[in-house]
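The structure under discussion appears below in the form of structure tokens.
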Protein chains: 2
Amino acid sequence: MKIDKQFITEEAKKLLANDKVIQQAYEEVKASICSPIWPTDSDIFTINNTEKNCNGVVPIKELCYTMLEEDYNWFREKPLDVLKLEKKKGGPIDVYKEFTEGNYVRRVGLEFETGNISSAHRSMNKLLLGLKYNELDLSMILMPIKDLAYYLTDRVTNFEELEPYFEITEGQPFIFIGFNAEAYDPNVSLIPKGKDGMSKRSIKKWKDKVENK
Amino acid sequence: MKIDKQFITEEAKKLLANDKVIQQAYEEVKASICSPIWPTDSDIFTINNTEKNCNGVVPIKELCYTMLEEDYNWFREKPLDVLKLEKKKGGPIDVYKEFTEGNYVRRVGLEFETGNISSAHRSMNKLLLGLKYNELDLSMILMPIKDLAYYLTDRVTNFEELEPYFEITEGQPFIFIGFNAEAYDPNVSLIPKGKDGMSKRSIKKWKDKVENK
DNA sequence: TATGGATCCATA
DNA sequence: TATGGATCCATA
């Protein structure tokens with residue numbers, strides 16, 4: 001996979017310019033989002049472009065999550081205190097990592113969005129809550145660009161469709177990344193939809209990390 | 001239908017206290033959201049509570065829209081300039097009315113939310129854009145409360161699930177209204193799902209109003 | 001093609 | 001039961 005579009009808020013730009021720990025987080029995410037390949041024995045990600053909406057989405061994220069968890073020690077499903085403890089309502093953040101250098105801690109929240117475009121609004125709003133309540137220092141959303149989304153499940157999140165709403169995050173450190181396949185080819189296998197695409201790999205959850213302390 | 005829960009931001013409270021035109025808008029919306037009945041020959045809204053998620057949602061909104069359009073002259077599908085003209089991307093607001101008293105104009109945007117809960121986040125974000133760009137003076141979202149949503153299509157918007165995110169609208173005039181059925185009864189007819197529930201009534205669109213000028 | 005929506009799934 | 005998601009529909 002490759003990165004094709006990006007939007008970085010002013011606050012995130014300042015962080016990237018001045019904070020080595022945040023730079024590292026950004027590099028880890030960029031390396032991870034570029035890691036998915038298709039088909040599984042290829043070096044690049046090639047999407048079947050036989051017809052509109054012909055591919056499922058679930059397996060796309062797999063290698064990105066694996067690299068974040070296995071190579072870089074990010075955790076999945078991190079609850080926010082504001083939702084879990086204070087409001088007692090609402091689910092966790094998709095991916096999360098605390099970067100520490102001595103006493104210095106930077107906390108980064110990430111959502112890999114391949115759900116319905118409306119779901120990306122919830123992700124954005126949740127990450128905004130995390131920033132507002134000072135539980136996150138940087139938020140990121142990963143999503144396909146429109147060209148790629150055309151061949152995925154109908155109405156999945158795509159960079160261009162969320163773009164008009166990026167400014168809702170104004171004043172906060174936020175990075176939006178749009179990724180694309182390296183190639184389009186009607187002869188590669190289709191990415192399965194529905195149950196067929198569900199992976200069995202167990203994920204590295206924040207909950208388990210905390211409970212094992 | 002009846003109103004069961006409400007959240008009104010401080011800015012909206014000030015408007016309601018001081019602005020007769022905004023008061024009128026609020027009264028019109030309250031009357032309209034209370035107008036849906038079920039079954040169609042009843043005086044009240046009774047929901048079939050045979051089992052979880054047994055009813056569809058489409059017909060629920062019908063009478064509310066009708067009253068807003070026919071009795072109170074609201075319009076459907078009002079585009080925002082910021083989306084349509086400036087960003088050239090993104091759809092219209094569900095319901096809209098301009099209240100004028102001489103030179104005084106107040107513009108109210110409304111979303112009747114029975115889509116997936118994630119869709120309510122998009123509605124909220126869109127209304128926020130309208131307020132931020134000074135194209136709206138008040139925004140409102142209507143949605144079922146959790147008790148009612150339990151018997152509607154799985155994962156429809158419900159007041160309680162959006163509630164943790166209400167504060168995203170902080171500093172803006174916003175009203176959230178949660179409605180409930182007057183009665184629950186396993187013997188009333190089920191609200192149909194899917195195509196069966198689609199009404200053929202043509203709606204009063206903002207576009208048509210503007211083009212007929 | 002673009003966009004809001006409606007519906008049901010998977011998992012904890 | 002609660003929650004994020006995946007999928008397909010309807011309409012312009």
Side-chain angles (χ1 to χ4, degrees), chain A residues 52-61 76-77 79 83-84 87-95 111-123 125-126 143 146-147 149-150 152-158 160-162 164-165 191-200 202-203 205 207-208, chain B residues 52-61 76-77 79 83-84 87-95 111-123 125-126 146-147 149-150 152-158 160-162 164 191-200 202-203 205 207-208:
Chain A
K52 187 169 189 290
N53 307 138
C54 61
N55 297 280
V57 296
V58 174
I60 295 177
K61 323 197 249 194
R76 301 288 303 283
E77 302 188 10
L83 292 177
K84 186 160 182 106
K87 297 175 189 273
K88 295 175 175 46
K89 186 82 185 162
I93 283 177
D94 188 17
V95 201
E111 297 270 342
F112 194 139
E113 266 289 345
T114 54
N116 188 290
I117 174 68
S118 64
S119 186
H121 286 263
R122 174 175 51 209
S123 293
N125 289 165
K126 183 179 293 181
M143 56 203 148
K146 184 179 140 190
D147 285 355
Y150 186 85
L152 305 178
T153 298
D154 194 20
R155 309 303 291 119
V156 296
T157 298
N158 62 91
E160 290 85 344
E161 193 168 354
L162 190 62
Y165 297 93
I191 302 172
K193 290 183 175 184
K195 298 179 189 177
D196 303 336
M198 302 309 291
S199 155
K200 264 113 195 151
S202 77
I203 67 174
K205 291 189 189 170
K207 181 170 171 287
D208 302 327
Chain B
K52 186 171 189 288
N53 308 136
C54 60
N55 297 281
V57 296
V58 174
I60 296 177
K61 321 196 251 192
R76 301 288 303 283
E77 303 188 8
L83 292 177
K84 185 158 182 108
K87 296 175 189 273
K88 293 175 176 44
K89 186 83 185 161
I93 284 178
D94 189 17
V95 201
E111 298 269 342
F112 194 138
E113 265 290 344
T114 54
N116 188 290
I117 173 68
S118 64
S119 186
H121 286 262
R122 173 176 50 207
S123 293
N125 288 166
K126 183 180 294 181
K146 184 179 140 189
D147 285 354
Y150 186 85
L152 305 178
T153 298
D154 193 20
R155 307 304 290 118
V156 297
T157 298
N158 63 90
E160 290 85 343
E161 192 168 354
L162 190 62
I191 302 172
K193 290 184 176 184
K195 296 181 191 177
D196 303 338
M198 302 308 291
S199 156
K200 265 115 194 149
S202 76
I203 68 174
K205 293 190 185 169
K207 181 168 169 291
D208 304 325

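What you are looking at is a predicted structure, and each value in this text was computed from that prediction instead of being measured. Chain naming here is simple, since letters A, B, ... match the order of the sequence lines and numbering starts at 1 in each.
- Using a 4.0 Å heavy-atom distance criterion, B:Glu160 is classed as making no nucleic acid contact.
- Taking atom NZ of A:Lys89 as the reference point, atom P of D:dT3 lies 4 Å away to the nearest angstrom.
- One axis for each end of the helix from C:dT1-D:dA12 to C:dA12-D:dT1, each built from five base pairs, and the angle between them comes to 30° at 10° resolution.
- Between A:Arg155 atom CZ and C:dT1 atom P the separation is 13 Å, expressed in whole Å.
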Practice task
Could you give me the CA-CA distance, side-chain angles and deciding distance for A:Arg76 and A:Asp94, then say whether side-chain contact (heavy atoms from CB on, under 4.5 Å) is met?
Solution key: CA-CA 6 Å; A:Arg76 301 288 303 283; A:Asp94 188 17; 3.3 Å; yes
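- Residue A:Glu111 contributes atom CD, which lies 12 Å from atom C1' of D:dT3 at whole-angstrom precision.
- In terms of position on DNA chain C, the residue among B:Lys126 and B:Asn55 whose nearest nucleotide sits closer to the 5' end is B:Lys126.
- Put simply, CG on A:Asn125 is 12 Å from P on D:dG4, counting in whole angstrom units.
- The CG atom of B:Asn158 sits 14 Å away from the P atom of D:dT1 (whole-angstrom rounding).
- OP1 or OP2 of C:dG4 sits under 4.0 Å from a side-chain N or O of B:Arg122.
- Both B:Ser123 and B:Asp154 lie near DNA chain C, and the one whose nearest nucleotide falls closer to the 5' end is B:Ser123.
- Residues forming a ring pair (Phe, Tyr, Trp, His ring centres under 6.0 Å) with B:Phe112 (at least two apart in sequence, or on another chain): B:Tyr65, B:Phe179.
- The residue A:Lys146 sits close only to the backbone: its heavy atoms come under 4.0 Å of sugar-phosphate atoms, none of a base.
- Shown here is A:Lys61, whose NZ atom has more than 12 heavy atoms of other residues, nucleotides or ligands within 6.0 Å.
- Of the candidates C:dT1, C:dA6, D:dG4, the closest approach to any side-chain atom of A:Pro92 belongs to D:dG4.
- Residues B:Ile117 and B:Leu162 share a closest heavy-atom pair of CD1-N, 3.9 Å.
- The interatomic distance linking A:Ile117 (CD1) with D:dG5 (P) rounds to 13 Å, in whole Å.
- For the pair B:Lys52 and B:Tyr150, the cation-pi test (distance below 6.0 Å, angle within 45°) is passed.
- No contact: A:Lys88 has no heavy atom under 4.0 Å from any strand.
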Exercise for the section: Given side-chain contact (heavy atoms from CB on, under 4.5 Å), test A:Asn55 with A:Ile60 step by step and report yes or no. Expected result: CA-CA 10 Å; A:Asn55 297 280; A:Ile60 295 177; over 6 Å; no
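- Protein atom NZ of B:Lys52 is 14 Å distant from nucleotide atom P of C:dT7, rounded to whole Å.
- Counting non-hydrogen atoms under 4.0 angstrom, A:Ser118 reaches nothing in the nucleic acid.
- The shortest non-hydrogen separation linking A:Val57 to A:Thr114 is CG2-O, 3.8 Å.
- Computed from coordinates, the A:His121 NE2 to D:dG5 P distance equals 14 Å when rounded to whole Å.
- The residue A:Thr153 sits close to a base: some heavy atom pair falls under 4.0 Å.
- Using a 4.0 Å heavy-atom criterion, one finds that A:Asn116 contacts the bases of the nucleic acid, with or without backbone contacts as well.
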Exercise for the section: Would you please test A:Glu111 and A:Arg122 for side-chain contact (heavy atoms from CB on, under 4.5 Å) and show each step? Expected result: CA-CA 10 Å; A:Glu111 297 270 342; A:Arg122 174 175 51 209; over 6 Å; no
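- Heavy atoms of A:Lys61 sit under 4.0 angstrom from primed sugar atoms or phosphate atoms, though from no base atom.
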